[in-house]
Visitor: 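Handing you this structure, nothing more for now.
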Amino acid sequence: MGSRTHEVIEDLIYLKARELGYLAEKEKSGPGWCADVLVTKGNEKVAFEIQLSPQTYKETQARQDRFKNSGVTGCWLHLRPYKRLYTDLADLPLFYLSSQNGNHYVNLIDNRKTVLLGDFIKGFLQREIKYCTIAKTCRLQKLRINFIEMACWKCKAINHIYYLDNPYVTSCSFAIDQEEAMWGDDKNAYLPHVLKAVNNILKSPQGSKLRVGEIKKRFSGAVGASYSSFGCYKCDSIFGDWFVMHEELDARNGITPINTFEIEVEADKQLISAYGHWCYPEDKDFCDLPDTNSESKLKTETLDSRYVSTARL
Ligand SMILES: [Zn+2]
Ligand SMILES: [Zn+2]
């Protein structure tokens, strides 16, 4: 991309801001800075900076400080990603440009979202994008539940166990994984909303052939304690976590067949992670909004940021 591209992008931003009814100026300068497009919105000023050539991070920050000193919010659109910049910064709205088939796009730096340039400009100016210091999973979650066959070690009856294989997501498409402990009662698979979803599947015509024993605390001789477990629907023998884990592993690796169901549920737990990010959800459903439904019995669990998944959706 060269200077012609710079001009094209500049025009698109300028025209979009005008179309939205804001005052927009191209190549507007102030003390120590020159904005590609300066947009004035009431007493707020936003400078959109198109950076097609490489610019060091230090330089970007220095230029951002000069905008800040003039009461201007700099919004950076870089063509070249900073390879080692993984997380967003509150003081530096920085996004990446890309082009395909003559269209220009803006990506969030961790690739959570890609939108057309015009939509991004509108989003940024109309506060559909906001910096949030936490990531919080949304209430409605689409669960993918995989059932696998497991023969009872005692009575040999064919049973089914299941596992969840998609992480919980925020309304801005960030995935939060929860590390699970074996022999604990906090397994995702045993959460009340998951049990409810499984029950609904078992009652449905497509799930009526599945045989899932009750999930409850059973004593394990091997562990010397009781823990919530899968067990045989016929003889109620415990299916030890160790064996369940191995069955699950084979299924995850595609060795054993699975029967997958997708079901949307209202989660009774929201995961929160200390992940600062530019939140760009649909309908301004930002991660840091307090829960509107205070009646709900949602349990909120704060996770250490090391639980943050690196998986991208
Ligand atoms: Zn059995
Ligand atoms: Zn968010």
Side-chain angles (χ1 to χ4, degrees), residues 86-90 92-96 106-115 119-120 123-124 126-142 147-162 166-178 202 209-222 229-244 247 267 269-292 298 300-303 305 307-313:
Y86 300 115
T87 51
D88 290 325
L89 294 159
L92 190 67
L94 185 132
F95 307 93
Y96 294 146
V106 176
N107 316 313
L108 297 187
I109 70 164
D110 59 5
N111 281 321
R112 260 176 301 129
K113 186 161 177 160
T114 301
V115 292
D119 292 341
F120 173 84
F124 196 82
Q126 302 195 336
R127 298 187 189 282
E128 291 164 19
I129 306 169
K130 173 180 140 178
Y131 189 83
C132 290
T133 53
I134 55 159
K136 182 167 72 179
T137 57
C138 38
R139 184 165 313 198
L140 274 184
Q141 294 287 333
K142 194 184 252 179
F147 292 86
I148 30 181
E149 268 189 21
M150 187 162 175
C152 173
W153 56 273
K154 201 166 182 188
C155 77
K156 312 294 178 217
I158 297 296
N159 279 257
H160 293 90
I161 56 171
Y162 63 84
N166 54 338
Y168 285 67
V169 290
T170 66
S171 52
C172 62
S173 306
F174 182 74
I176 302 180
D177 258 344
Q178 184 184 13
L202 298 181
K209 291 212 171 68
L210 300 167
R211 294 284 170 262
V212 180
E214 202 187 339
I215 285 153
K216 61 177 184 185
K217 281 204 173 189
R218 291 180 179 85
F219 183 80
S220 155
S229 55
F230 286 111
C232 179
Y233 80 95
K234 213 166 175 185
C235 75
D236 203 37
S237 297
I238 186 169
F239 291 168
D241 267 358
W242 180 256
F243 299 99
V244 167
E247 291 293 339
K269 182 157 99 167
Q270 281 178 295
L271 303 175
I272 295 181
S273 150
Y275 181 72
H277 63 290
W278 287 94
C279 193
Y280 189 1
E282 301 298 318
D283 306 323
K284 302 190 181 187
D285 184 19
F286 298 113
C287 283
D288 66 355
L289 287 182
D291 266 317
T292 42
L298 283 175
T300 296
E301 183 161 314
T302 307
L303 295 177
S305 51
Y307 289 124
V308 167
S309 156
T310 49
R312 303 285 177 235
L313 294 180

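When a ligand or atom number is given, it counts from 1 through the structure's own listing order.
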Visitor: With distance as the sole test, does H160 use its side chain to make a donor-acceptor pair with the main-chain N or O of R211 at under 3.5 Å?
Guide: yes
Visitor: Which angle, to 10 degrees, forms at the Zn ion (ligand 1) with SG of C152 on one side and SG of C232 on the other?
Guide: 110°
Visitor: Is it true that some N/O/S atom of C132, main chain or side chain, lies under 2.8 Å from the Zn ion (ligand 2)?
Guide: no
Visitor: Looking at R139 and D285, is there a salt bridge between them, counting it only when a charged N and a carboxylate O are closer than 4.0 Å?
Guide: no
Visitor: Between SG of C287 and SG of C172, what angle is found at the Zn ion (ligand 2), rounded to 10 degrees?
Guide: 110°
Visitor: T170 side chain to A135 main-chain N or O, any donor-acceptor pair under 3.5 Å?
Guide: no
Visitor: With the Zn ion (ligand 2) at the apex, how many degrees lie between SG of C279 and NE2 of H277, rounded to 10 degrees?
Guide: 110°
Visitor: Strictly distance-based, threshold 3.5 Å: is any side-chain N or O of E128 a donor or acceptor partner for the main-chain N or O of K284?
Guide: no
